[in-house]
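Structure first, then comments.
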Amino acid sequence: GIQVEQSPPDLILQEGANSTLRCNFSDSVNNLQWFHQNPWGQLINLFYIPSGTKQNGRLSATTVATERYSLLYISSSQTTDSGVYFCAVDFIIQGAQKLVFGQGTRLTINP
Amino acid sequence: SAVISQKPSRDICQRGTSLTIQCQVDSQVTMMFWYRQQPGQSLTLIATANQGSEATYESGFVIDKFPISRPNLTFSTLTVSNMSPEDSSIYLCSVANSGLVYEQYFGPGTRLTVT
């Protein structure tokens, strides 16, 4: 079946550090999204990135669709970056588009 | 992006009862979905809410347990029926417009605790 795997599962860093989160997926994709779930449970859209590289402030993402992975970079981490980061991949399953989530990376930024 | 609201934001319910969660969008959207997030877990798709017809359920989810309505292009409800403690989760609705760009946006979620 369709698999979306994220690594590492947990990451603890000091404020100011940089981090790289990885998402591997098992099949060809139409779309890939990165989300940040804050401590209140809200899912915040970070990137819509089926291929290529995008940047938004301290965050950037790269998806290499042919090699079936995506990377999320966070530079100069702040405590407000803490939370769970999800990669979600949009597959065609039995003719319907379905968003399949990875298990997430829990990021803790300590002051 | 669309502004999505959910009601209630949280609730504590007794087992055996039912709760209806509302999802309202400030603009018309083609697609609406319902997800469940069990404690410490990732998100799992429950069903796609179809306007004017029965929802399309994923494996492991049935209409009798999770009836869904979608009367128009801006509103949907999910009912969690005959609740048990295992139903304690965050329930989230999401929306998208079909087309070349198919990006989903999520509501703030409903945190349900069943005692």
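Here is how names work: the chains are called A, B, and so on, in the same order as the sequence lines, proteins then strands, and each is numbered from 1.
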Are A/N110 and A/I12 close enough that some pair of their side-chain heavy atoms sits under 4.5 Å apart?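 A side-chain contact under 4.5 Å exists here.
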Contact between A/L107 and A/L13 at the side-chain level, heavy atoms closer than 4.5 Å - yes or no?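 Result yes, sub-4.5 Å side-chain heavy-atom pair found.
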Looking only at non-hydrogen atoms, find the nearest pair between B/V29 and B/M32 and report the distance.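 The answer is CG2-CG, 3.8 Å.
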Which answer fits B/Q37, side chain, backbone, both or neither, if we ask what part of it has an atom under 4.5 Å from a heavy atom of chain A?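 Looking at B/Q37, just its side chain touches chain A.
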Counting only heavy atoms closer than 4.5 Å, note whether B/L43 contacts chain A via side chain, backbone, both or neither.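 Answer is both: backbone and side chain atoms of B/L43 are under 4.5 Å from chain A.
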Side chains of B/Q104 and B/Y35 only: does a donor on one sit below 3.5 Å from an acceptor on the other?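 Indeed, the side chains of B/Q104 and B/Y35 share at least one donor-acceptor pair under 3.5 Å.
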For B/T56 and B/T48, does a side-chain donor sit closer than 3.5 Å to a side-chain acceptor?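 Side-chain D/A pair, B/T56 to B/T48: absent.
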Tell me, for A/Q33 versus chain B, whether the close heavy atoms (under 4.5 Å) come from the side chain, the backbone, both or neither.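 Side chain only.
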Please identify, among A/Q42, A/R106, A/K98, the residue contributing the most non-hydrogen atom pairs under 4.5 Å to chain B.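 Looking at each of A/Q42, A/R106, A/K98 in turn, A/Q42 comes out on top.
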Between A/N31, A/D90, A/N45, A/I44, the one whose heavy-atom pairs under 4.5 Å with chain B are most numerous: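 Ranked by heavy-atom pairs under 4.5 Å with chain B, first place is A/N45.
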